[in-house]
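Just so you know, residue 1 is the first one in the sequence shown, and it goes up from there.
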Amino acid sequence: MAINVTNLEGNELADGYVRRSVPQGRWSDAWSVFKGSFLKLVLINLFILITVVPIVVILIFRNTTIAAMGTVYPFNPGMLYPYYPNVIGLAERLSLSTDVIFYALLIPAGFIASLGFSGAAYSFRKMLNTHGEYSLKDFFHGIKVCYLNTVLPVTLFMLALYGTLLVGDWMNIEIAIGGNAGGAITAFVFAVIATVLIGIYTAWLFAIGTSYRVKFGSLFKNAFSMMIGTAIPTVFMAGFALIPVWLVLIGGFVQTIGFIVFILFGFSMVLFCWTAFTQWAMDIYVKPTLVTEKEQNVSKKNAKTAPVADKADDERRRTGELLAAGRSELISRPIKPIAESETFVGLGKTFKRGDISAVNAARSELDKSVKAYEDAHKNDPIYVEYNKLFADRDKALKVETDKKGRKKKNISSDNLLK
């Protein structure tokens, strides 16, 4: 089936790294990254566990509250007939009233859990795109750039799950009291189907939102296109990625294994598998920007040498321009204008020693007057700005020497324009 995705190409969310090609295939590379970066997955899983603590606490309190109700009136076995009231359906109603409150708290708890999911999503995508590269700051950068596009699908799924759980409680009440159980069962079945479909759709919202910079309108449209276009692979991979969940739902000893898996790497496994699958699917319909290992190494080498060479070239060009322009002494400093009222003593064709002394005295007075004028006007903007243009030139032409008197290799008048 043809899939129409828009506004994704060129908008890939890859900050601080460049995607590398995968010559051995996406799945082979994903398995290599999973094995080679297992400790990183355990570390990321620990961060996720911290953010899902509110959800765990809410579920524990919910179960504790319901269990406590079974030890008090009217369920106390010490209460005998004829004082024992009719309790048909009462336990189910108490469960419903309890779930209305506690399951509603799961929605804001999802805001906190989204912190862990967003950081993990960005971390796993970088690891898959760079053959396992990861640093701790990647997790927190992922929270910064992916949180909004994570909290949206998490909240939508929590709302759908909340409604389904309440419908399930209503179904249990109708079955217990012998009411219209058929309608309640039908409603519950449709609610479960709707929740599963919404869960798959929000999973694609999460995948695209944490992979590309895209507006909400395009996000919803592209997620729907990818879900419909990859329906069969999506269902298969969703079932595979949720293996830790199936272990918990089986119960018994297997459930204990499932909880241990979740504590060690369960959340990471689910997100890692889903990220690998969605990356593979989106690469089919969105042309990625890839570099080979050789291109990556050349890029790193050039990144180290290019700034130094560029800086030297800029200095050479700028100083060359200043040299070519030249600095004029006539306008680089204030020069006292000649006033018409001023007279100057000169020597005639014949002069005496006293005349020479008079000229020297007049010249000395003139020098003092010129110097006084220069000192009074040297900070005028016109002179400050002009001389500032040549500060770099003076610095560039300065030839430094080492302790042995040898010239250091720097930009000088000897090599400036060579």
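Here D367 does not pair with K371 in a salt bridge; the nearest charged N to carboxylate O distance is not below 4.0 Å. With salt bridges taken as basic N to acidic carboxylate O contacts below 4.0 Å, none links D15 and K144.
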Going through the distances and angles, do T98 and T65 end up as a side chain to side chain donor-acceptor pair (under 3.5 Å)?
CA-CA 8 Å; T98 303; T65 301; over 6 Å; no
Output, in order, the C-alpha distance, side-chain angles, deciding distance and verdict of side chain to side chain contact (heavy atoms under 4.5 Å, CB included) for L264 and I260.
CA-CA 6 Å; L264 293 178; I260 294 175; 4.0 Å; yes
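Taking the six-membered ring for Trp, F262 and F267 have ring centres closer than 6.0 Å. The ring of F38 has its center closer than 6.0 angstrom to the ring center of F265. Side-chain rings of F206 and F117 stay apart, their centers remaining 6.0 Å or farther from each other. Aromatic rings from Y103 and Y162 are positioned such that their centres are separated by 6.0 Å or more. Ring centroids of F277 and W274 are separated by less than 6.0 Å, placing the two rings close together.
Between the side chain of K40 and the main chain of G132, a donor-acceptor pair closer than 3.5 Å is present. Without hydrogens or angle criteria, N129 side chain to R125 main chain gives a donor-acceptor distance under 3.5 Å.
For R213, the CZ atom is densely surrounded, since the number of other residues' heavy atoms within 6.0 Å is greater than 12.
No side-chain N or O of S114 forms a donor-acceptor pair with one of S118 less than 3.5 Å apart. For the 3.5 Å distance criterion, the side chains of W204 and S225 fail to qualify, holding no donor opposite an acceptor.
Classified by interplanar angle (parallel below 30°, tilted 30° to 60°, perpendicular above 60°), the ring pair F272/F124 is perpendicular.
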